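These notes concern the structure reproduced below.
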Amino acid sequence: MDESQLYAMRHSLAHIMAQAVQRLWSEAKFGVGPVVENGFYYDIDVPGVKISEDDFLKIEAEMKKVIEANYRFERSEKTTDEGIKWAEDAKQPYKVELLNDLKRAGTTVAKDLNKDEMGTIADGDAAVDKVSFYTDGDFTDLCRGPHAESTGKVGAFKLMRVAGAYWRGKETNPQMQRLYGVAFATQEELDTYSKMLEEAKARDHRKLGKELDLYTTSTLVGVGLPMFTPRGTILREKAAGISNQLRKSRGFEMVWTPNITKKDLYEKSGHWAKFGDELFLVKSQETSDEMALKPMNCPHHTQIYASKPRSYRDMPVRFLETTTDYRDEKTGELGGLNRVRSLTQDDSHVFCRKDQIADEVNGLLECAKELYGILGMKLRVRLSYRDDTDAYLGEQALWGSAQAQLKEAVTKSGLEYFEQDGEAAFYGPKIDFMATDAIGREHQLATVQIDFVQPQRFGLEYIDEQGSVAQPIMLHSATLGSLERFLSVYIEHTGGWFPLWIAPEQVRILTINDSVNDYVEEITTILSEVVLMKPLKYNELRFTTDDRNESLGKKIREATAWKIPVQFIVGPKDKEAREVSVRTQSGEQKVAFDQLAEYLKAL
RNA sequence: GCCGCUUUAGCUCAGUUGGUUAGAGCAACUGUUUUGUAAACAGUAGGUCCUCGGUUCGAGUCCGAGAAGCGGCUCCA
């Protein structure tokens, strides 16, 4: 089955689900029912009824009846006015609204309709005067198609969940119930997908975060404010360490900025107008200053740049800071480490001349490539451009040239890329890196952004070769993104089996009985002197000894549950032979006492 | 913030139509056992059944409000 057949099949299932719902609740009002990744959904509003997941068996049974009846999908056309009449007669107010938009503006995509067009009259340039309908048995729906030939040819499906969704994605609109289903050509593919979901559940960072004792939360501290345990803090330090190491080797210098700041800084940067409602406000009891917890670091870095005169010879100036920002996100958006109110960025800012943009962007691309290579994640790039709305600052011409330069750098880097309008930051276009994890999911983590707005707003300058004043360009970049989000992804990517360099506990020595205590002491003396050099330099070895009065089986079971990458088993036989039985995920081998340090350094 | 679901021991979970003193496994603690490749044995302790309010002779169980977690929507500098 090819992509278009799969699409038609999923789309047909959305109709069949709506049909089943209509049979069960004749007063159901229907919104839209598109195809999404792996399946489909339909937005439905049944007045006075909340469809729950308990109803899925009932709905699925009704869907099966429709499928068994094998109705043909019959296409028909009406004029738009006839269509509106049909929808009114069928008591489908949402369809009436869609048809009216088609008539006026030729589209039903809410995003394409500007504020004035939503629900009022616009000019009819792109108006559609004929619309198509599809009928299968007792169900007819406004629809562009295409569909499967008949309801019998729809493959394997399963209803997954029901969730609230705003009509046409607008927060001010009423909320409908969105019924999600997944669908594949064959039952085997559906089973494979279900297995992938189970695998994802088993790797869930919130589950592993608890099991591996990486982070915790407390209602006394607050929602979206995770705290990291000793083990989790090692992950943070090692991840930030490697990110910093890569950029330091490319000329970045570490800086430090405070966590609270006068509101004035953000008024000047433009963030206050755009994100003011998401700042945590702080009051001074000594001065009249209005303060805020910092939500980002770029304005501070501009002030370090501006602290002294800069020459064209000083450029580029590169600052790097791993620091925690605070954003008062809406509570419903928070969850796990993925979306938090305290987020730690590995944030850097380059101040450079226009002619240096390409090289600097290129260096940052190289950093990202190298880092994600080490992490074992495939990268591709989204070039995020502005759209025609007024959500952006700065001159249009600057945007054009910046977007072109970003594209050139990305093309040169050889990274796979795609372009998307409307995803830029308000101050400039960006490169977003999409990293693919071990089970094929894509995550947005690293970013490189061009900014010509803040240098202007803060009046940043340098003296050029002619001795006149020039304005630098600013490049924002984070390679891990936020440590919290990165760790949520990386924990799930590795399933908690961290590679040696970052594993909180790298080696655990499991003793068989007390007779080997003196030999274990010799081993720990060696281990405490081991320093690993790859991929992170000067990485001291983190090891523990399990010499409890327990069976070897139990010690192995526990060490494996903790996902300790290297387990040393030490018993009388090992002591006798002056060796250690080393267990790793790839098997067990004997390593001579004299070779232990070399063995670990080579891992 | 909005819609829906969930909340019982440190963890994972049982708990019938509202009915005596709320259970299990693991973890913890104590004792015995000194153990060779994924759980030795026995015992002890551990509860604001998320919180507040209501209905009832009686609430873990029913109702209301709130909190937190989860699935989405919206948002994401």
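Proteins come first, then strands; the chains are lettered A, B, ... in the order of their sequence lines, and each starts at number 1. Every value quoted in this text rests on a predicted model; they were computed, and no experiment measured them. All values below were derived from every heavy atom in this structure, side-chain atoms included, with hydrogens, water molecules and symmetry-related copies excluded.
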If I take atom [atom1] in residue [X] and atom [atom2] in nucleotide [N], what distance separates them, rounded to the nearest angstrom?
X	N	atom1	atom2	result
A:E550	B:rG31	CD	C1'	13 Å
A:D43	B:rU74	CG	C1'	13 Å
A:I512	B:rG36	CD1	P	7 Å
A:D546	B:rU34	CG	P	18 Å
A:I569	B:rA38	CD1	P	9 Å
A:K274	B:rC76	NZ	C1'	10 Å
A:L220	B:rC50	CG	C1'	13 Å
A:Q585	B:rU37	CD	C1'	16 Å

Does a distance-only test, which skips hydrogens and angles, find a donor-acceptor pair under 3.5 Å between the side chain of [X] and the base of [N]?
X	N	value
A:E588	B:rU37	yes
A:R339	B:rC75	yes
A:E171	B:rC2	no
A:E278	B:rA77	yes

Kindly give the atom pairs (protein nitrogen or oxygen, nucleotide nitrogen or oxygen) under 3.5 Å for nucleotides 64-68 of chain B.
none

At under 4.0 Å between heavy atoms, what does [X] touch on the DNA or RNA strands: base, sugar-phosphate, or nothing?
X	result
A:G332	base
A:A163	base
A:F426	nothing
A:K330	base
A:G428	nothing

Practice prompt. Establish, for the pair A:R231 and A:W562, whether the NZ or CZ atom is under 6.0 angstrom from the six-membered ring centre and no further than 45 degrees off its axis.
Written response: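 Relative to the ring axis of A:W562, which defines the angle, A:R231 lies inside both limits.
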Worksheet item: Looking at A:Y41, does the NZ or CZ of A:R178 lie under 6.0 angstrom from its six-membered ring centre and within 45 degrees of the ring axis?
Response: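 So A:R178 does make the cation-pi contact.
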Practice prompt. Could I get the full list of ring pair (Phe, Tyr, Trp, His ring centres under 6.0 Å) partners for A:W272, not counting sequence neighbours?
Written response: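 Partners of A:W272 by the ring pair (Phe, Tyr, Trp, His ring centres under 6.0 Å) criterion come out as none, since no residue qualifies.
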Worksheet entry | Non-neighbouring partners of A:Y94 that pass ring pair (Phe, Tyr, Trp, His ring centres under 6.0 Å), sequence neighbours left out |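 Checked A:Y94 against ring pair (Phe, Tyr, Trp, His ring centres under 6.0 Å); matches are A:W167.
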Discussion item. On RNA chain B, does the nearest nucleotide to A:I51 precede the nearest nucleotide to A:Q449 from the 5' side, or the other way round? Give the residue.
Written reply: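 Upstream on the strand: A:I51.
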Worksheet item: Considering heavy-atom distances to RNA chain B, does A:E329 or A:T560 have its closest nucleotide positioned more toward the 5' end?
Response: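 First, find each residue's nearest nucleotide; the 5'-ward one identifies A:T560.
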Distance below 4.0 Å between [X] side-chain N/O and [N] OP1 or OP2:
X	N	value
A:Y180	B:rC3	no
A:K210	B:rU12	yes
A:K554	B:rA27	yes
A:R206	B:rC70	yes

Worksheet item: Quick one, which residues of residues 572-583 of chain A touch RNA chain B with a heavy atom under 4.0 Å?
Response: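 Heavy-atom cutoff 4.0 Å gives A:P572, A:K573, A:D574, A:S581, A:R583.
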Item to complete: Could you tell me which residues satisfy side chain to side chain donor-acceptor pair (under 3.5 Å) with A:T324, sequence neighbours excluded, listed by chain and number?
Response: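 A:T324 satisfies side chain to side chain donor-acceptor pair (under 3.5 Å) with A:T344 once adjacent residues are dropped.
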Item to complete: Please name all residues satisfying side chain to side chain donor-acceptor pair (under 3.5 Å) with A:Q449, sequence neighbours left out, ordered by chain then number.
Response: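 With sequence neighbours excluded, A:Q449 shows a side chain to side chain donor-acceptor pair (under 3.5 Å) to A:Y427, A:T447, given in chain and number order.
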Rounding to an integer number of angstrom, what distance separates [N] and [M] when you compare their [atom1] atoms?
N	M	atom1	answer
B:rA77	B:rC2	P	23 Å
B:rG60	B:rG15	C1'	8 Å
B:rG25	B:rA14	P	16 Å
B:rA59	B:rU20	P	12 Å
B:rA65	B:rU6	P	15 Å
B:rG64	B:rU55	P	15 Å
B:rG54	B:rU8	P	24 Å
B:rG58	B:rG53	P	16 Å

Item to complete: Runs of at least three consecutive Watson-Crick or G-U pairs, both distances under 3.5 Å, are what I'm after; which ones involve RNA chain B?
Response: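 Expected stems, ordered by start: B:1-7 with B:67-73, B:10-13 with B:23-26, B:28-32 with B:40-44, B:50-54 with B:62-66.
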Please enumerate all residues that pass side chain to side chain contact (heavy atoms under 4.5 Å, CB included) together with [X], with sequence neighbours excluded.
X	result
A:K573	none
A:A163	A:Y180
A:E290	A:K263

Discussion item. Quiz question: by atom type and distance under 3.5 Å, do the side chains of A:E505 and A:T544 form a donor-acceptor pair?
Written reply: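 Yes.
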Worksheet item: Looking just at side-chain N and O atoms, do A:S581 and A:K590 make a donor-acceptor pair shorter than 3.5 Å?
Response: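 Yes, A:K590 and A:S581 have a side-chain donor paired with an acceptor closer than 3.5 Å.
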Fill in: Face-to-face stacking of A:Y427 with B:rA77, centres under 5.5 angstrom, angle under 30°
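It does not: the ring fails the test against the base of B:rA77.
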Discussion item. Applying ring-ring contact (aromatic ring centres under 6.0 Å, His included) as the test, list every pair that has at least one member in residues 504-524 of chain A; sequence neighbours left out.
Written reply: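 Qualifying pairs, neighbours excluded: A:Y519-A:F593.
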Worksheet entry | A:R161 side chain, from C-beta outward: closest of B:rA77, B:rA38, B:rG71 |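 So the nucleotide nearest the side chain must be B:rG71.
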Item to complete: Please list all pairs passing the side-chain hydrogen bond (donor to acceptor under 3.5 Å, both in side chains) test where one or both residues lie in residues 209-226 of chain A, with sequence neighbours left out.
Response: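 Non-adjacent pairs meeting side-chain hydrogen bond (donor to acceptor under 3.5 Å, both in side chains): A:K207-A:E211.
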Worksheet entry | Residue among A:H301, A:K294, A:Q303 satisfying side chain to side chain donor-acceptor pair (under 3.5 Å) with A:T257 |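 Only one option passes, and that is A:K294.
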Discussion item. Nearest 0.5 angstrom please: A:R339 CZ to A:S488 OG, how far?
Written reply: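 It is 12.0 Å, given to the nearest 0.5 Å.
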